[in-house]
Structure formats: structure tokens, C-alpha cells
Amino acid sequence: MLFPGFLSSLWFASLAILQVVCAYDGDSNVKSILLRTHSLSPPYLDSDFQSRWFDFGGHTIVRADKYIRLTADRQSQRGWIFSRVPLTATNWEIELEFKIHGSGNLHGDGFALWLTKQRATQGPVFGSTDNFEGLGIFFDTYKNNRPGVAFPYVMAMMGDGQTSYDKDHDGKANELAGCSARGLRHASVPTKARLTYFQDKSLTLDLQYKAEDSWINCFTLTAPETNIAIPSVAYLGLSAETGELSDNHDIISLKTQNLYSVGGGDAGRRPQTTGSGNRRQPARQKEKESGGWAWFLFKTIFFFAAVYGGYIGWKTYKAKQRYSRF
């Protein structure tokens, strides 16, 4: 009975492989390459307790088995991380896992994700410099003076190198786009942000904080309606700040990928993200992929049916031979 057991194992293995392959729901024309120069994961440091690709400063603490803590749950702290080399990819996607938590009911101030010409400069805007040139994504957990907006609030600002961040009004005068994210702090699931950029086409921010593997679109900006021209030479950074109120601002992982198109077509447009986090594909592409997988599945089932049929036939033939001897 070894053969039926082996056949069964092959069948279930093929189904498992099929599930893994089908789990990818992105645009089949958009491929990605991991940029190790702009990615961080445990243990974060090299064997000499340094990072080859990132600088750390301020109150930042690295715990190699768990997190990079930009600020601890203490007053008046500022910490930062910045890449040593600029992010020069034309199209890219940054996925950040973080954790905001603390012991008090009152908390602040928040942290920021940066793509700016300036790097490694401590300052008053979530721990980094003001009057920056480039993109800042602010995860603001403390409400100063912004009526009608629920906090935490996540917003984008495109700095021109001369305009100051409107700190007194939580960036209201500078907002490019944003969304309320109630539940982002002390979330019961891993909290993540995914920023996707196609040069001269689109900038999209998705968040995960309500349920695992469920992405919520915070904003999607398109050109030329909105200025999303990130400097061609921009450093990737993270920073955080506490004042009279405080929180732990932990970075768990940072993954940056270079995106590129294969097969031509509308190269820079990745499928949009819905409120439930599912990517929408063009109908023609979905129909083509659905038909391809249906044919593959049919061939797989036919193959195993043929093998099993052959096995039954062989057993029947052997049984007839035994009976013919009597």
C-alpha cells in the first residue's frame, strides 16, 4: 500500500503549492527586488555591532532580538534612523512594521517616515529637522489643536525646503493627504504601513491595524492633480519625539523594494487598494489568470486521475493472473 500513500502525499503537496502560488494577488506585470540597502530586520546590526546601511542617533536604542526603539516611554526624547545612501529607485514600495505603546492614558507625540534631501538631523518635527525638502509621513498620536479630527492621525506633507511644519495645529496648513487611524496605538495585531510610489504617477499609503492581512487605504494621490514629486536624491529615515507626554515608538522591520514592470502596458499603475485591503485587477487580466489556473488545475487532476487509474488497472491485472492459476 505504499503507492496509494505516496499518491496521496503528492496530491496534497500539489494543492499546498497551488495555494501558495495563488496567494499572490498583486499585478502580474509588476515585479519587485528587495533593496537591502534600505531594509531593516532583526538583528538589525552587523557582527561588529554597527549597521552597514543605516545611521542611528538621539535616544534611539537597538535591541537586536526585538526592535529599534526611537524613543522610550519617557519625557523629552528624540531618536532617529536614516539610510546612509539615498533611495534612487524610480518606483518603490516601503513596508514598515512598528509598535506604539506606553503605560499612560495620555501619550505623545508620534513618529515620522521620511524621504528627504536632509538626513540624520535632529529637530522639532517628530524628532527630525524642520523646513525639510521632500516627503514626510507623520503618525501623530497627540491632538494639539485640530477640531473635528480623530487621533491618532496619519498625514503626508511635501516640504519645499522653506515651509515650516504647522505644529500648533497638527500640520493642518501643510497637509497633502491624511486619515484618522483610531486604534493604531496599542493595536491587538501587528501595525504596519505600506507606502507605494510610481514616479510622476501615484503615491499610495495603506495601513494595517484592525486585522492581520487587512489593509486599509489611507490615501491615494495621482499626478498631475497633486504634487507628488519626491526628490530624485532622497534619504529614507524614521524619527520620533516625546514631550511632556510620552510613548515607546518601536520599529520592528523595514522592507523596501524596487518595483519594475515587465511586458509593457501601463507600467506605473499598480492595482488600487480597497477598504478591505484587496487589490483590484483589471477584468481582462483577472479573466486571463482565472482561465490559466483553471486549465492548470484541470491538467493536474487529469494527471493524478490517470496515475490512479493505471494503478487500479495494474492491480486488476495482477488479480486476474492469480485467479488464472487455479
Side-chain angles (χ1 to χ4, degrees), residues 17-47 50-56 68 81-98 113-117 119 134-135 137 156 190-208 213 215 217-218 220-223 228-238 251-273 277-282 285-286 288-289 292-293:
I17 293 171
L18 204 62
Q19 288 173 353
V20 170
V21 174
C22 287
Y24 176 72
D25 62 349
D27 188 341
S28 62
N29 290 328
V30 178
K31 305 298 180 184
S32 62
I33 300 175
L34 179 67
L35 297 176
R36 298 188 182 277
T37 53
H38 294 80
S39 299
L40 285 164
S41 60
Y44 309 111
L45 302 176
D46 303 326
S47 57
Q50 298 291 324
S51 174
R52 184 180 307 173
W53 302 114
F54 285 86
D55 287 323
F56 306 82
I68 299 171
I81 312 168
F82 265 89
S83 64
R84 291 185 174 180
V85 297
L87 178 60
T88 56
T90 303
N91 309 316
W92 43 256
E93 184 169 86
I94 299 168
E95 185 171 309
L96 172 68
E97 182 177 351
F98 58 93
L113 170 67
W114 303 97
L115 281 152
T116 56
K117 283 188 175 182
R119 66 174 297 275
L135 177 68
I137 305 290
T191 44
K192 296 181 180 181
R194 183 175 62 203
L195 186 65
T196 308
Y197 177 68
F198 289 102
Q199 189 177 52
D200 300 326
K201 291 185 178 177
S202 64
L203 177 69
T204 302
L205 178 65
D206 302 317
L207 303 173
Q208 173 188 289
D213 297 322
W215 292 90
N217 181 247
C218 181
T220 297
L221 302 172
T222 57
I228 54 172
I230 297 173
S232 57
V233 176
Y235 295 90
L236 174 60
L238 294 156
I251 303 303
I252 311 301
S253 65
L254 176 68
K255 183 172 77 170
T256 304
Q257 299 181 95
N258 178 27
L259 303 180
Y260 66 97
S261 176
V262 294
D266 204 2
R269 300 200 180 275
R270 207 164 196 188
Q272 297 177 354
T273 306
N278 298 320
R279 295 188 184 276
R280 294 187 298 212
Q281 294 178 312
Q285 180 184 324
K286 289 178 71 175
K288 181 179 177 181
E289 291 179 359
W293 279 112

So W114 and F82, side chain to side chain contact (heavy atoms under 4.5 Å, CB included) or not? Walk me through it.
CA-CA 9 Å; W114 303 97; F82 265 89; 3.9 Å; yes
K255 atom NZ: more than 12 heavy-atom contacts under 6.0 Å
no
Give the minimum heavy-atom separation between L259 and F198, together with the two atoms involved.
CD1-CZ, 3.7 Å
One should read off an interatomic distance between E95 CD and D206 CG, to the nearest 0.5 angstrom, of 10.0 Å
Drop me the distance from L40's CG to I252's CD1, to the nearest 0.5 angstrom.
11.5 Å
Side chain to side chain contact (heavy atoms under 4.5 Å, CB included), that's the test. Do L254 and S39 meet it? Break it down for me.
CA-CA 5 Å; L254 176 68; S39 299; 5.7 Å; no
Over all atoms of both residues, closest heavy-atom pair of P231 and G134
CD-CA, 3.7 Å
Under a 3.5 Å distance rule, please check whether D46 uses its side chain to pair with a backbone N or O of R52 as donor and acceptor.
yes
Testing the basics here: between L35 and A89, what is the closest heavy-atom pair and its distance to 0.1 Å?
CD1-CB, 4.4 Å
Audit row: L45, F56, side chain to side chain contact (heavy atoms under 4.5 Å, CB included) steps and yes/no:
CA-CA 11 Å; L45 302 176; F56 306 82; 4.1 Å; yes
Please confirm whether the backbone N or O of A229 pairs with a side-chain atom of D200, one donor and one acceptor, at under 3.5 Å?
no
From R119 CZ over to L236 CG, what is the distance, rounded to the nearest 0.5 angstrom?
11.0 Å
Between OG1 of T204 and CG of L221, what distance do you get to the nearest 0.5 Å?
7.5 Å
With a 3.5 Å distance limit and no angle check, can you tell me whether R194 reaches the backbone of E93 through a side-chain donor-acceptor pair?
no
Contacts of type side-chain contact (heavy atoms from CB on, under 4.5 Å), residue R36, not counting sequence neighbours
L34
For the residue pair S32 and Q257, what are the closest heavy atoms and their distance?
OG-OE1, 2.9 Å
Tell me which one of T196, I33, L115 satisfies side chain to side chain contact (heavy atoms under 4.5 Å, CB included) with W92.
L115
S253 meets the side-chain contact (heavy atoms from CB on, under 4.5 Å) criterion, sequence neighbours left out, with E97
Test side chain to side chain contact (heavy atoms under 4.5 Å, CB included) applied to L238 and I68, step by step:
CA-CA 10 Å; L238 294 156; I68 299 171; over 6 Å; no
Please confirm whether the backbone N or O of N91 pairs with a side-chain atom of Y260, one donor and one acceptor, at under 3.5 Å?
no
Are the side chain of T191 and the backbone N or O of F98 linked by a donor-acceptor pair below 3.5 Å?
yes
With a 3.5 Å distance limit and no angle check, can you tell me whether T256 reaches the backbone of H38 through a side-chain donor-acceptor pair?
yes
State, to 0.1 Å, how close F54 and T37 come at their nearest heavy-atom pair, and which atoms those are.
CE1-O, 3.7 Å
Check: W215 main-chain N/O paired with Q208 side-chain donor or acceptor under 3.5 Å:
no
